[in-house]
J.: 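This is the structure I want to talk about, given as structure tokens.
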Amino acid sequence: MNYPVWDVLFGSGLLIALVAGLHVFVSHFAVGGGLFLVLTERKARRTNDLALLNWLKAHTRFFALLTVVFGAVSGVGIWFTIGLISPSATSDLIHIFVWGWAIEWVTFFIEISAVLLYLYGWDKLPPKLHEWYGWIYFLAAFSSLVVINGIITFMLTPGSWIDVHKFWIGFFNPTYLPSVFFRTAICLALAGIYALITASVQKDPDLKTRIVRWGALWTVPSLLALVPLGWWYIHEIPASLFLSARGPMPTATHFASLAWILLAVTFALMLLAVFTPRRLHLVFALLVALVALGAMDSFEFVREDVRKPFVIENYLYDNSLYASSMPGDGGFTVDNLNNTGVLHAANWINQRNLTAGNQVEVGHEIFRVECQSCHTPNAYRGIHQLIEQRQWDPASVSAMLTGLSLMHNGVMPPFAGTDAERDALAAYLNSLQTITPDPSTFTNGKLVFTNQCSMCHQNQPDDPLFSGLDPNPQVAADSLKDLPSLFPLMPALKLNQTQRTSLVQWLNTQRPAGKPGAPPSSAAQGGN
Amino acid sequence: MIHPGVIPTIPAIDPNPLPAPYWVFKLLLLVTFYLHILAMNLMLGGAALALLARLTSSRHPMRSRIFLDVAKKIPTLLAATITLGIAPLLFVQVIYGQYFYTSTILMAWPWFLVLVLLIAAYYGFYFVAHNGKRRPGAAGVVLFLSLALVLLIGFIYTNNFTLMQTPARWAARYFADPSGWNLNLADPTLIPRYLHFITAAVAVGGLLLVLLALARWKHDPEYAAYIFRFGGKTFEYATMAQFLIGLWFLISLPRDLRMLFMGDNPIATAMFGVGVLGSLAAIFLMSEALRRQNIRMGAFGVTGVTAAVILCMSIMRDNLRDAYLKPYFHPSQFAVKTQWAVFPLFLGIFIGGVILWLVMLRRYGLFTSTRPTEE
């Protein structure tokens, strides 16, 4: 809103996922692989294992070509990409942590210089000096992780920084430590996994065996350590953040399960490699790497997903609105937009007047500045599919937009703007539909729940739906005539008599036993 | 009703205060940009001359050696360019973020593509460095492609950094096409500015050869003399061309901005004067060095003068940006709250890092002609 929004047809978020998803897999290898290089070199020299040393030389070339080129450029690439897609967040993170970034730049500079000298020094330097460059490389790379980790974890758990705005408070935030240990374990695990790749193309089966077993010593304990470290990490994240992963949009829950499953598969594949090292094939090694990539990216997705609807938790929403007013916020807060309107407050809106004739165009512009950081009209997280599937008519869409922040246990930011602007957005969203929805046609109670209620309510015993609804079916059905009177943020949906009755009937079959109004008994049923 | 293009829309400054006084960031931006541009010049100019040497190697056999010699250095020079480029990119976002992010989003796709082009070019340069000898044909083609890619990246950068300083153009472009394909092609300064940078890189590429000649002067006098001449002549011609291209650039600037360098702004004018005189002096020194076969004069003298000229040009570039943004940008707009708990730590790590880096190079033997020894 402060900055123009880059209109990417297929969803700009996918670009971040692509760049970051590949980068982390190489950057963590760049750290763990660095320690692996020096310690393997030392081991090879101590045991006078020339074959291992020769392999390590080739492995260093592979390591450097991957980390110095792809790793470094894709790291800058994340920065390029987030600057395009979340400029306000990028700017905030830069201004809050400039000196952190600057320190990281120094370590990065040392890191790149050291790895190149280590690579070119293989045939030139005396062993001890060569290892010295390896150590410098590793320490610089690890320092880089230690710094970046403070900023990444800050985004999820800024803790009391929100109140005091102090660098070190934000940096050493609640998830800083578990994340450092968790990521270090990933780094060490990846060192062994990547070693499989270059080991697999070795001809000498004995050498292959030695490398695989040595690599497994890095990977197997690290993968095991990820379990308690992961538990610790999750434990430090406020439970409220995981709420959004419950209910009808359990993206984070899915990714968390996927992460654990793929972690287990990686572990199993690694054991398989240890037991049949002589037959290790490149395809198999790549498969292990691919599964590990899946596990790692699933973890990163969980972290990104539970943070929604914020880029910086409790500070900045995904759509670049600040969560609360503060000096210098430029007016880009929900409260201010509710008062003054998007058309007045936003910088990058072309139509400043809303008329009966330009409702859809204005709605489109509001969609761009408020929704498009996550949604697209028709593709990734497409709104078109969502509303068509639920048969929402214009009135339903507009009503739903009032309670946006309650949807999916708080995964969405609130709609910010005036009532007229909300109607304009609804008009635009409706213009995306290719059908003419008629929500009054479905009368099945479960379907009414799915289409109209499940955005916010869950079929869970603790949902206020069950505790708040009157035990008397008739009274309950009548109370649904005016939803905002039940709770001000409820959308003013207009359900007809049949829908209300069938919804209450179905809900009563779902009520947890022993709760008020619970018995889906024959007496109660007969009373209807 | 706001009419796009009439009142420029400038994003609000970030709500978080600057964590050090404005001048600290300005200085860091200038210094790190200067280092970045030096590395970029060596990389780009080196790659261009390696390609030229490769293309003309059938008539001049010595040039295939130049090709191999220089091509080996390009990946490291590119690593230096990228690594040294990160810092100015950080500091430009600290003080010019409002302008930088906006222009970047307007040309988001080309900007995003920089990453893809860069990775491709980088691997290409590595391919050339490793295969130049065994497969000179393929290496020549790949070098050509990689060079074309980095030239394209430079062009995208010039587009962004000119668009960034002309906010009046933003809104109309953005509303006509918000999909991120707005280059700044209509800007009359774009082409001369771009060529000004590229030609400088070719000149510095010539200096790279002169420096290589210095390193080989004792052990390989015939080859050293040849590359001294090749590099020295390239430097002279490219720098002479700069007078025409620079004049074109100067004329293409809006009049009030042009006058900055012709008296309106004493610092800009002084820098301009030193730049022009320094360039003339560098050409003269180089031709003297070539005539007398004085490699030290060519390597140290001309490099020193050229480094000073490039510094002046970097400062002029900064003066020009501030002049473009004068109607909107005032350093007094910034709230400052120096982070004393971390700023000194950065300075310490920075100084420590530079020392460690020098020790690393020294122990590797890069400052001596002797082989590295174990300490």
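All values reported here derive from a predicted model rather than from experimental measurement. Order of the sequence lines fixes the chain letters, A, B, ..., with proteins taken first and strands second; residue numbering starts at 1 for each chain.
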J.: Heavy atoms only, distances under 4.5 angstrom: which of B/G353, B/G180, B/P19, B/G97 has the most pairs with chain A? Name it, please.
T.: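 When all of B/G353, B/G180, B/P19, B/G97 are compared, B/P19 has the most.
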J.: For each of A/I112, A/T90, A/T107, A/V76, tally heavy-atom pairs with chain B at distances under 4.5 Å, and name the one with the top tally.
T.: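 Between A/I112, A/T90, A/T107, A/V76, the count favours A/T90.
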J.: Please say whether more than 12 non-hydrogen atoms of neighbouring residues, nucleotides or ligands are located less than 6.0 Å from CH2 in B/W340.
T.: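 No, the 6.0 Å shell around CH2 holds no more than 12 heavy atoms from other groups.
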J.: Please determine, among A/V69, A/V73, A/D7, the option with the most heavy-atom pairs under 4.5 Å with chain B.
T.: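 It is A/V69.
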J.: Among B/F91, B/W109, B/F112, single out the residue with the greatest number of heavy-atom pairs under 4.5 Å to chain A.
T.: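 The residue among B/F91, B/W109, B/F112 with the greatest pair count is B/W109.
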J.: With a 4.5 Å cut-off on heavy-atom pairs, point out which of B/L89, B/I10, B/L18, B/V114 contacts chain A the most.
T.: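 The residue among B/L89, B/I10, B/L18, B/V114 with the greatest pair count is B/L89.
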J.: Quick check on A/W105 against chain B: is it the side chain, the backbone, both or neither that has a heavy atom closer than 4.5 Å?
T.: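 Answer is side chain: those atoms of A/W105 sit under 4.5 Å from chain B.
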J.: Report yes or no: do B/N184 and B/N159 form a side-chain donor-acceptor pair below 3.5 Å?
T.: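 Distance-only check fails for B/N184 and B/N159.
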J.: Under the criterion side chain to side chain contact (heavy atoms under 4.5 Å, CB included), I'd like the reasoning laid out for B/T9 against B/Y174: C-alpha separation, chi angles, the key distance, then a yes or no.
T.: CA-CA 11 Å; B/T9 310; B/Y174 176 69; over 6 Å; no
J.: I'd like to verify something: which residue of A/F108, A/W101, A/Y133, A/F70 has the highest number of heavy-atom pairs under 4.5 Å with chain B?
T.: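 Counting heavy-atom pairs under 4.5 Å, the top option is A/Y133.
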J.: Let's test your reading of the structure: which of B/T83, B/T104, B/T102, B/D14 forms the most heavy-atom pairs below 4.5 Å with chain A?
T.: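 If we count pairs closer than 4.5 Å to chain A, B/D14 comes out on top.
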J.: Go through the side-chain N and O atoms of A/T333 and A/N336 and say whether any donor and acceptor fall under 3.5 Å apart.
T.: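 Absent: no donor and acceptor within the cut-off.
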J.: Considering only heavy atoms, which portion of A/D92 lies under 4.5 Å from any heavy atom of chain B: side chain, backbone, both, or neither?
T.: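 Interface part for A/D92: both.
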J.: A/G328, A/G77, A/S91, A/P87: which one forms the most heavy-atom pairs within less than 4.5 Å of chain B?
T.: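 Maximum pair count with chain B is reached by A/S91.
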J.: Cut-off 3.5 Å, side chains only: do B/W357 and A/S113 have a donor facing an acceptor?
T.: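 Indeed, the side chains of B/W357 and A/S113 share at least one donor-acceptor pair under 3.5 Å.
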J.: What part of A/Y120 lies closer than 4.5 angstrom to a heavy atom of chain B: side chain, backbone, both or neither?
T.: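 Both parts, backbone and side chain.
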J.: Any donor-acceptor pair under 3.5 Å linking the side chain of B/T81 with the backbone of B/L77?
T.: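 Looks like yes, one N/O pair under 3.5 Å.
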J.: What residue in A/L84, A/V106, A/I136 has the most heavy-atom pairs under 4.5 Å with chain B?
T.: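 Answer, by heavy-atom pair count under 4.5 Å with chain B: A/L84.
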J.: Heavy-atom cut-off 4.5 Å, strictly under: side chain, backbone, both or neither for B/I349 against chain A?
T.: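 B/I349 touches chain A through backbone and side-chain heavy atoms alike.
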J.: Counting heavy-atom pairs under 4.5 Å with chain A, which one of B/L78, B/L90, B/L84 comes out on top?
T.: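 Result: the option with the highest number of such pairs is B/L90.
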J.: Which bit of A/F332 is near chain B, if near means a heavy-atom gap under 4.5 Å: side chain, backbone, both or neither?
T.: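 For A/F332, the contact with chain B is made by the side chain alone.
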J.: Of the listed residues (B/F350, B/F25, B/W170, B/Y122), which shares the most heavy-atom pairs with chain A below a 4.5 Å separation?
T.: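 Among B/F350, B/F25, B/W170, B/Y122, the one with the most close pairs to chain A is B/Y122.
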J.: A/V19 versus chain B, heavy atoms under 4.5 Å apart: side chain, backbone, both or neither?
T.: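 The side chain, not the backbone.
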J.: Rounded at 0.5 Å granularity, tell me how far NZ in B/K72 sits from CD1 in B/I74.
T.: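 Answer for the NZ-CD1 pair, B/K72 versus B/I74, is 12.5 Å.
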J.: Counting heavy-atom pairs closer than 4.5 Å to chain B, which one of A/L15, A/L116, A/V8, A/L343 comes out on top?
T.: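 Result: the option with the highest number of such pairs is A/L15.
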J.: Aromatic contact between B/W111 and B/Y157, with the criterion being ring centroids under 6.0 Å apart: yes or no?
T.: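 Yes, the ring of B/W111 comes within the 6.0 Å limit of the ring of B/Y157, centre to centre.
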J.: Tell me, for A/A114 versus chain B, whether the close heavy atoms (under 4.5 Å) come from the side chain, the backbone, both or neither.
T.: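 Backbone plus side chain of A/A114, per the 4.5 Å heavy-atom cut-off to chain B.
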J.: Might you work through the side chain to side chain contact (heavy atoms under 4.5 Å, CB included) test for A/F10 and A/T376, ending with a clear yes or no?
T.: CA-CA 7 Å; A/F10 55 81; A/T376 63; over 6 Å; no
J.: Of the backbone (N, CA, C, O) and the side chain (C-beta and beyond), which part of A/E365 lies under 4.5 Å from a heavy atom of chain B, both, or neither?
T.: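 Just its side chain gets close to chain B.
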J.: Show your reasoning for whether side chain to side chain donor-acceptor pair (under 3.5 Å) applies to B/Y99 and B/Q165.
T.: CA-CA 7 Å; B/Y99 310 94; B/Q165 56 200 20; over 6 Å; no
J.: I'd like to check A/M1 versus A/W348 (side-chain heavy atoms, cut-off strictly below 4.5 Å). Are they in contact?
T.: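 No; the side chains remain at least 4.5 Å from each other.
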J.: At a heavy-atom separation under 4.5 Å, does B/Y126 approach chain A through its side chain, its backbone, both, or neither?
T.: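 Interface part for B/Y126: side chain.
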J.: Name the region of A/Y315, side chain, backbone, both or neither, that has any atom closer than 4.5 Å to a heavy atom of chain B.
T.: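 A/Y315 touches chain B through side-chain heavy atoms alone.
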J.: So, taking the atom named CD1 in A/I94 and the one named CD1 in A/I82, what distance separates them when rounded to the nearest 0.5 Å?
T.: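 These two atoms lie 7.5 Å from each other.
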J.: Test B/N160 against B/S103 for side chain to side chain donor-acceptor pair (under 3.5 Å), laying out the working first.
T.: CA-CA 6 Å; B/N160 196 6; B/S103 63; 2.6 Å; yes
